[in-house]
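The structure appears below as structure tokens.
The model shown is predicted, which means the values in this text are computed figures rather than measured ones.
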Amino acid sequence: MKGDFDSKLLSRVDKNKLPRHVAIIMDGNGRWASIRGLLRSAGHTAGVKTLKKILTLAVNLELEALTVYAFSTENWKRPHAEVDFLMHLFSEYIEREKMEMHENNVRIKFIGRLEEFSAGIRKQIFDATELMKNNSGVKFNIAANYGGQDEIVRAAQSLAEKISAGKIFPQEITSEVFENELDTKNQPPVDLLIRTGGDFRISNFLLWQSAYAEFWFTKTNFPEFSQEEFIDALVDFGNRERKFGALNENKK
Ligand code: IPE
Ligand code: IPE
Ligand code: MG
């Protein structure tokens with residue numbers, strides 16, 4: 001993983017202008033496959049290869065956090081065969097990649113409603129998370145059976161339980177307290193949100209965390225999303241003016 005890229009790429013980015021947290025909606029796998037007369041599943045397999053290249057760059061750029069959308073709470077609506085394939089791919093990916101991620105100091109975390117996965121996958125998720133829990137490198141979050149609304153509802157439920165148990169008063173709930181109930185607690189908010197595949201929507205991804213994210217959309221389907229294009233997005237991010245609601249009066 002380390003070093004598996006063209007080192008000229010890194011010289012294009014100004015390290016001081018990098019986002020702390022990048023999130024990616026990895027979309028367009030199915031279309032990539034259909035255009036080539038392949039099954040949608042071939043698109044998902046190709047997407048996994050792209051993911052490895054992107055994680056490699058994240059490791060080498062020393063990004064603080066990378067969150068990728070692998071399976072949404074809405075993706076269960078797809079045909080059985082596709083859902084089964086995705087589960088199989090997911091499990092294979094964890095097994096195949098976890099040692100190399102660990103050697104690269106990656107700290108993996110799975111976000112979403114994990115209890116709906118099979119016992120086998122839950123065990124793999126648990127083992128991979130345990131293996132990497134003390135690593136200090138890139139926080140690599142895989143959103144699996146994840147929905148932004150679902151995450152917010154779960155946070156609200158957890159706070160409601162704390163209130164009914166007398167552990168906290170309603171007036172004590174602040175944005176910070178709320179954030180601590182989210183799957184991404186202790187992680188920075190999303191700075192840059194990338195969506196491949198040509199659609200301009202958020203599809204229930206990281207709704208809370210993206211409140212002030214910069215968006216970057218590309219028509220490229222995820223299997224063809226390259227390390228170069230990832231760098232393009234990071235360079236573009238570096239040139240954006242972020243205001244967070246304020247006036248940037250010190251602007252030259
Ligand atoms: C994204 O690619 C991967 C998942 C949702 C699992 P798609 O499967 O949505 O591909 P398109 O959007 O149909 O091309
Ligand atoms: C978003 O893509 C979910 C993932 C990439 C896992 P979708 O393909 O499910 O989103 P929609 O249906 O086009 O909004
Ligand atoms: Mg899609």
Side-chain angles (χ1 to χ4, degrees), residues 1-13 17-72 75 82 85-86 89-90 92-94 96-97 100-101 104 106 108 111 138-144 146 190-206 210 213-240:
M1 186 176 294
K2 198 125 200 156
D4 205 358
F5 63 98
D6 179 353
S7 57
K8 282 202 284 279
L9 284 176
L10 293 198
S11 62
R12 287 184 52 207
V13 296
K17 290 183 176 175
L18 278 178
R20 292 177 68 194
H21 188 168
V22 178
I24 307 182
I25 302 177
M26 309 185 287
D27 197 25
N29 292 347
R31 279 164 286 169
W32 178 88
S34 321
I35 295 165
R36 289 163 177 76
L38 302 170
L39 294 173
R40 291 178 58 82
S41 53
H44 296 312
T45 305
V48 168
K49 291 201 183 123
T50 300
L51 176 57
K52 180 160 188 170
K53 293 186 199 151
I54 299 306
L55 179 61
T56 299
L57 266 197
V59 165
N60 284 281
L61 288 163
E62 298 172 345
L63 288 186
E64 186 171 336
L66 173 71
T67 304
V68 297
Y69 209 2
F71 192 86
S72 76
N75 286 147
E82 182 168 351
F85 183 85
L86 285 167
L89 193 65
F90 190 57
E92 207 181 66
Y93 172 71
I94 303 171
R96 193 182 56 236
E97 300 294 328
E100 196 176 345
M101 285 184 203
N104 282 277
V106 169
I108 205 167
I111 62 169
V138 181
K139 296 183 174 92
F140 178 43
N141 305 307
I142 301 185
Y146 175 88
V190 174
D191 295 306
L192 173 64
L193 186 114
I194 296 173
R195 182 173 188 138
T196 65
D199 286 311
F200 301 102
R201 54 176 174 260
I202 197 163
S203 300
N204 204 8
F205 193 38
L206 300 172
S210 300
E214 296 294 326
F215 287 75
W216 200 82
F217 296 101
T218 172
K219 282 196 176 127
T220 307
N221 289 320
F222 192 67
E224 280 188 312
F225 186 63
S226 61
Q227 292 180 325
E228 287 77 6
E229 202 173 357
F230 186 50
I231 297 284
D232 290 343
L234 296 174
V235 169
D236 191 43
F237 172 85
N239 293 326
R240 302 251 184 122

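- Listed for the Gln227 side chain is a donor-acceptor partner under 3.5 Å among the backbone atoms of Lys53.
- Closest non-hydrogen pair, Phe140 versus Met101, comes out as CE2-CE, 3.9 Å.
- How far CZ of Phe205 is from CG of Asp27: 11.5 Å, rounded to the nearest 0.5 Å.
- A salt bridge links Glu224 and Arg36; the closest N-O separation between the charged side-chain nitrogens and carboxylate oxygens is under 4.0 Å.
- Remark: of the listed residues Asp236, Asp232, Asp6, Asp232 is the sole one forming a salt bridge (Lys or Arg N to Asp or Glu O under 4.0 Å) with Arg12.
- Using modelled atom types, no side-chain atom of Tyr146 and backbone atom of Val68 make a donor-acceptor pair closer than 3.5 Å.
- A distance of 8.5 Å separates CG in Leu86 from CZ in Arg40, rounded to the nearest 0.5 Å.
- Between the Asp4 side chain and the Met1 main chain, no donor and acceptor come within less than 3.5 Å of each other.
- No donor-acceptor pair under 3.5 Å is formed between the side chain of Arg195 and the backbone N or O of Phe200.
- Between the side chain of Arg31 and the main chain of Gly43, no donor-acceptor pair closer than 3.5 Å is present.
- Under the 3.5 Å distance criterion, the side-chain polar atoms of Thr45 are matched with a main-chain donor or acceptor of Ser41.
- The side-chain contact (heavy atoms from CB on, under 4.5 Å) with Glu229 is formed by just one residue from the set Ile54, Thr220, Thr196, Leu234; it is Thr220.
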